[in-house]
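Just below is one structure, and these are the notes that go with it.
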Amino acid sequence: MPSPLSGSSVILGVTGSIACYKAADLASKLTQEGAHVDVILTQGASNFITPLTFRSLTHRPVVGDLFDPQSELAVEHVALAQRADIIIVAPATAHVLAKLAHGMADDALTATILASSAPLAVAPAMDGHMYTNPATQENLSKLRERGVTIIGPAEGYLASGLRGIGRLVEVPQIVESLCAILGRRGDLAGKSVVVSAGGTAEPIDPVRVITNRSSGKMGYAVAQAARDRGARVTMVTAPTSLPDPVGVETVHVGTALEMRDAIFRACEDGDVLIMAAAVADYRPVSVAEQKIKKGGERWSIELIKNPDILAEAPGRVLKVGFAAESQDLLENARTKLVAKGVALMVANDITAPDSGFAVDTNKVYLVDRERGVEELPLLSKYEVGHRILDRVVELLSASALS
Ligand code: PMT
């Protein structure tokens, strides 16, 4: 299943802020995701950036002046409004937020938004004082109450040279927010999915840990795919260098014991548990309070077994495990399927090229009791996430029928 943006009709409203340059990147990323992007530029925005930039990136006409007789789309802005699946205004100035809050329609963008019933998201960008001004805050509250999604703003360097709140959020965050909105009515709507990610870090002393090569990419991709199908997602992650996915409740943990506690808590109202994390099987028996000094030629650390989170997780959640193997892949996956009492095991061939730890793609086999083994081609981790979730949806509806 592709991203919810693929094939969708997106209106990108661009208003007059220096952050307009990021809107060009946004138009490009949305187009790359397979969306049909119709850009509407306000008069203010066209002082910063030209229609040609967007036309070149989206391969579609750009709407500017509502009353331009040469512009086919301007005349048809109501049709445009009605065929939109989603509208995003990025950057959104204080002025356009005020107009939207008051239902004004004096240009192509605000008239189109007023004529549309598509979900609306705005990504504010402005000077910090303009943002914190009670007038702007009141306008944002009004929009929020009406169901408009407010994305950001972020804190940091502002065009005024000052630091503060008011920066347009980064483009990937906007793209993810749109996926989350578009996915709301997906086949996992109303379901609560718990995902684990990353490699746990078991401390030896204040400096050293026992960990593994998991980057978290697989677990994060499963969480994003579940979110994009409408699930309420809680992700429990061991340390990674990845940003928290938008629209996913992310719980950061270090050790296997911390991961177990967070997962069991999340499972209390969960429907599905997907364990993509590489959990350390053992941890040091004791953790030194001070850094251990270098000594003789050899050093042994006594280890004790960690709990098996997947096996011990409450049986009422549908459990999906991963088995990362370097040999006897399917045999080991089948053994773990039974031993851990899971409905589906994702056998992960970590010896295949571009598969396993730290890469963006994965080569897996889906192993279950009913259907045996399904081999998947090398796919992006996000697509692997969707193929797992296709099975989860089937298993959930089968268990609802039985
Ligand atoms: O994070 P990436 O860099 O993207 O890499 C992805 C991955 C290779 C880590 C991922 O695709 C993967 O295969 N994860 C499982 C890693 C693993 O080693 O699993 P395992 O065979 O040790 O354990 C089997 C299952 O039991 C797993 O679902 C694991 O999360 C779970 N487990 C293991 C030990 C333990 N104490 N508790 C557990 O719940």
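In listed order, ligands and their atoms are each counted from 1. Atom set for the values below is all heavy atoms of this structure, side chains included, hydrogens, waters and symmetry mates excluded.
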query = Is it true that D349 and K363 make a salt bridge, defined as a side-chain N closer than 4.0 Å to a carboxylate O?
reply = no

Residue, atom and distance of the protein heavy atom nearest atom 7 (C) of ligand 1 read N348 OD1, 4.0 Å

The reported gap from CD in E33 to OG in S3 (rounded to nearest 0.5 angstrom) is 4.0 Å

min-distance protein heavy atom vs atom 36 (N) of ligand 1 -> P307 O, 2.9 Å

For A358, the ligand 1 atoms with a heavy-atom partner under 4.0 Å come out as 2 (P), 3 (O)

**Item:** Any N or O of M218 closer than 3.5 Å to N or O of ligand 1
**Value:** yes

Residue, atom and distance of the protein heavy atom nearest atom 14 (N) of ligand 1 read A276 O, 3.0 Å

The answer for which part of A277 has a heavy atom under 4.0 Å from ligand 1 is backbone

Handout entry: Main-chain N/O of L168 paired with K22 side-chain donor or acceptor, under 3.5 Å
Key = yes

- Message: Between S196 and I309, is there a side-chain heavy-atom distance shorter than 4.5 Å?
- Response: no

Checking heavy-atom distances from atom 22 (O) of ligand 1 to each of K319, K217, K336, the winner is K336

Honestly, for I309 the part within reach of ligand 1 (heavy atoms, under 4.0 Å) is both

Discussion item. If the threshold is 4.0 Å, N to carboxylate O, is there a salt bridge linking D271 and R316?
Written reply: no

- So, does R227 use its side chain to make a donor-acceptor pair with the main chain of V246 at under 3.5 Å? yes

Rounded to the nearest 0.5 angstrom, the CZ-CD distance for R144 and Q137 is 7.5 Å

Among non-hydrogen protein atoms, atom 39 (O) of ligand 1 lies closest to L310 N, 2.8 Å

Checklist entry - In terms of side-chain geometry, is the basic nitrogen of K340 or D308 positioned less than 4.0 Å from the acidic oxygen of its partner? => result yes

Next item on the list: Would you check the N or O atoms of G216, main chain and side chain alike, for any that come under 3.5 Å of an N or O of ligand 1?
Entry: yes

Review point. Does a side-chain N-to-carboxylate-O contact under 4.0 Å join E249 and R232?
Key: no

the protein heavy atom lying closest to atom 18 (O) of ligand 1 turns out to be A324 CB, 3.8 Å

G321 heavy atoms within 4.0 Å reach ligand 1 at atoms 28 (O)

The protein heavy atom nearest to atom 19 (O) of ligand 1 is F322 O, 3.6 Å

- Message: Quick test of your reading of the model: are D205 and K291 salt-bridged, counting only N-O distances below 4.0 Å?
- Response: no

Short version for D281: what comes under 4.0 Å of ligand 1, heavy atoms counted, is side chain

Check: Is a salt bridge present between R371 and E394, judged by a nitrogen-to-oxygen distance below 4.0 Å?
Finding: yes

Restricting to heavy atoms, the pick from E325, M259, K340, M345 nearest atom 31 (C) of ligand 1 would be K340

Candidates S215, G219, G198; heavy atom nearest atom 3 (O) of ligand 1 found on S215

Measuring from the heavy atoms of A256, does anything fall under 4.0 Å of ligand 1? no

If you scan protein heavy atoms around atom 1 (O) of ligand 1, the nearest is S214 OG, 2.6 Å

Next on the checklist: If we only consider heavy atoms of N362, is any one of them less than 4.0 Å away from an atom in ligand 1?
Outcome noted: yes

ask   = Contact between K381 and ligand 1, counting heavy atoms under 4.0 Å?
value = yes

among protein heavy atoms, the one nearest atom 28 (O) of ligand 1 is M275 O, 2.8 Å

In this structure, CZ of R334 is separated from CG of D328 (nearest 0.5 Å) by 11.0 Å

